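Comments concern the structure below.
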Number of protein chains: 2
Amino acid sequence: MGYYDSENKFNVAVDCIIFGFDDEGLKILILKRNFEPAKGNWSLMGGFLQKDESIDESAARVLKELTGLTNVYMEQIGAFGEIERDPGDRVISIAYSALINIKEYDKALVEKHNAFWVKYNNIPDLVFDHDEMVKRSLKELRRKAAIQPIGFNLLPPKFTLPQLQRLYEAIYQTTLDKRNFRKKMIEMNVLENTGEKDKESSKRGAYLYRFNKEKYEQLLHEGLSFGL
Amino acid sequence: MGYYDSENKFNVAVDCIIFGFDDEGLKILILKRNFEPAKGNWSLMGGFLQKDESIDESAARVLKELTGLTNVYMEQIGAFGEIERDPGDRVISIAYSALINIKEYDKALVEKHNAFWVKYNNIPDLVFDHDEMVKRSLKELRRKAAIQPIGFNLLPPKFTLPQLQRLYEAIYQTTLDKRNFRKKMIEMNVLENTGEKDKESSKRGAYLYRFNKEKYEQLLHEGLSFGL
DNA sequence: CCAAAAGTGTTATTAATACACCCATGC
DNA sequence: GCATGGGTGTATTAATAACACTTTTGG
């Protein structure tokens, strides 16, 4: 294949920005590297692209290696390709963000990789350009969460409205008006009240809702807006 | 460097979606390939990443090879990495969009590459996944143009308000109210009336404006919104 | 019985939209 | 003098933001 430039081939990596949410707020999962290079420093979970996988598949595999999770909402953030971004060797890295339910992941795997959840407004310095990747993916998350109900991916299948509100408040680092928030969420018409109540965080208990993906997909086709 | 995977190296390419605008509307610049592979088919302008350049630099170089232009507004659209996206060999391609002033490019170079401007709602089928790249970059352009005044990059340094309006109408494939449009543009406070008039498209003549980049940068820091 | 969180509507403000006529000039 | 495109303000409507009290129940 003489058209392809065999002299100029590169390692291609994927790096994952893994978001989670619990009662302490929005968090990302990062590694305290117990391997070279940059051993001892903090970094995102990453891995090299293999010949038998697409870049999306590669990102899913890397996420699975750390969390055990499959079928996770992931989104490409972009390609990072400065010459010296990785001082070890030239590597083109493609950043992906993942939104997971923080209650469900393989703790043994995470421990094995020496990974920890850190609150996203308290992230230590990361190796290479991983700081920028995180910044970009948070920006993307904020942009996207305002126009599409991707936040549900950060919650368990059943969740309460106060919980959902706290999630959005964490994402945007703001406080929202309870009544206006509930109004909008309910008007979206993609929430189903299960009738059950969650009594974990209050005596009275809050209704548990479910996200109705079918209704949402339908709305998408009709053209939905959903403003914050 | 034992940490890096010398078995799994890939060709990395950049492909450019080059937008232009004239009185016929919004256009992109594509090649009728007079080279293999897929000779005779239409494609985006692209090129392989070299060892001595970052991916952003690579995209700028590729754009320059076709148009002769430097210092062009470019934006990364994303990485495309399906295994079989290029049937010739495995290639990871990173798409970039470029907004140029269609009056200023090197016509000899464009001719040499067998490239042509086509109206963007009349684009022929393109090779590989280039159709998807175009679709994505148009979507990005629409998203971005509504919140940042990037449209100016598609116009000459001095332009009239009717011209600017036609540009936005072309981007969004809609018609806009003249008065509301002018109001918003002027309220943004980044347009300077040069006092000169352009008489090309009317007898009366329309004022020529200039985009004030300094004012814009300033607004950006103060946090600007700019809704359509 | 009271503390703590859940639930519920209405009004005020602001932003977006709709709309029609006069102006300047080249032919 | 008239056809062509350029320029201007106000009223309506829709969206967003502000706001306070009642309900439930475990301790």
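A note on names: the letters A, B, ... follow the listed sequences, proteins ahead of strands, and every chain is numbered from 1. All values derive from a computational prediction rather than experimental measurement.
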Check: protein-nucleotides 7-12 of chain D nitrogen or oxygen pairs below 3.5 Å:
from: D/dG7; atom 1: OP1; to: B/Tyr207; atom 2: N; distance (Å): 3.0
from: D/dG7; atom 1: OP2; to: B/Arg182; atom 2: NH1; distance (Å): 3.1
from: D/dG7; atom 1: OP2; to: B/Arg182; atom 2: NH2; distance (Å): 3.1
from: D/dG7; atom 1: O5'; to: B/Arg182; atom 2: NH2; distance (Å): 3.0
from: D/dG7; atom 1: N7; to: B/Lys178; atom 2: NZ; distance (Å): 2.8
from: D/dG7; atom 1: O6; to: B/Lys178; atom 2: NZ; distance (Å): 2.7
from: D/dT10; atom 1: O4; to: B/Lys183; atom 2: NZ; distance (Å): 2.9

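Atom pair A/Glu196:CD and C/dA6:C1' shows a separation of 17 Å (rounding to whole Å applied). Atom CG of A/Leu176 is separated from atom C1' of D/dT16 by 13 Å (rounded to the nearest Å). At whole-Å resolution of the value, CD in A/Gln165 and C1' in C/dG7 are 12 Å apart. Remark: P of C/dA15 and CE of B/Met188 are 16 Å apart, rounded to the nearest angstrom. In this structure, CE of B/Met185 is placed 12 Å from P of C/dA16, rounded to the nearest angstrom. What separates NZ of B/Lys203 from P of C/dT25 is a distance of 13 Å, to the nearest Å. C/dA6 atom P lies 13 Å from atom CG of A/Leu164, rounded to whole Å. Residue A/Glu187 contributes atom CD, which lies 12 Å from atom C1' of C/dG9 at whole-angstrom precision.
Checking B/Arg143, B/Arg142, B/Lys144 one by one against B/Glu140, the side chain to side chain donor-acceptor pair (under 3.5 Å) holds for a single residue, B/Arg143. Considering A/Lys158, A/Lys213, A/Arg210 as possible partners of A/Glu192, the one that fulfils the salt bridge (charged side-chain N to carboxylate O under 4.0 Å, His left out) test is A/Arg210.
At a threshold of 4.5 Å between non-hydrogen side-chain atoms, the residues A/Ile18 and A/Ile28 do not count as touching.
Residue pairs that meet the side chain to side chain donor-acceptor pair (under 3.5 Å) test with at least one member in residues 21-34 of chain A, sequence neighbours left out, are A/Asp22-A/Lys27, A/Glu24-A/Lys27, A/Arg33-A/Ser43.
Note that B/Lys183 lies outside the cation-pi zone of B/Phe181, set by a 6.0 Å cut-off to the ring centre and a 45° limit from the axis.
Taking the centre of each ring, A/Phe159 and A/Tyr209 stay at or above the 6.0 Å mark.
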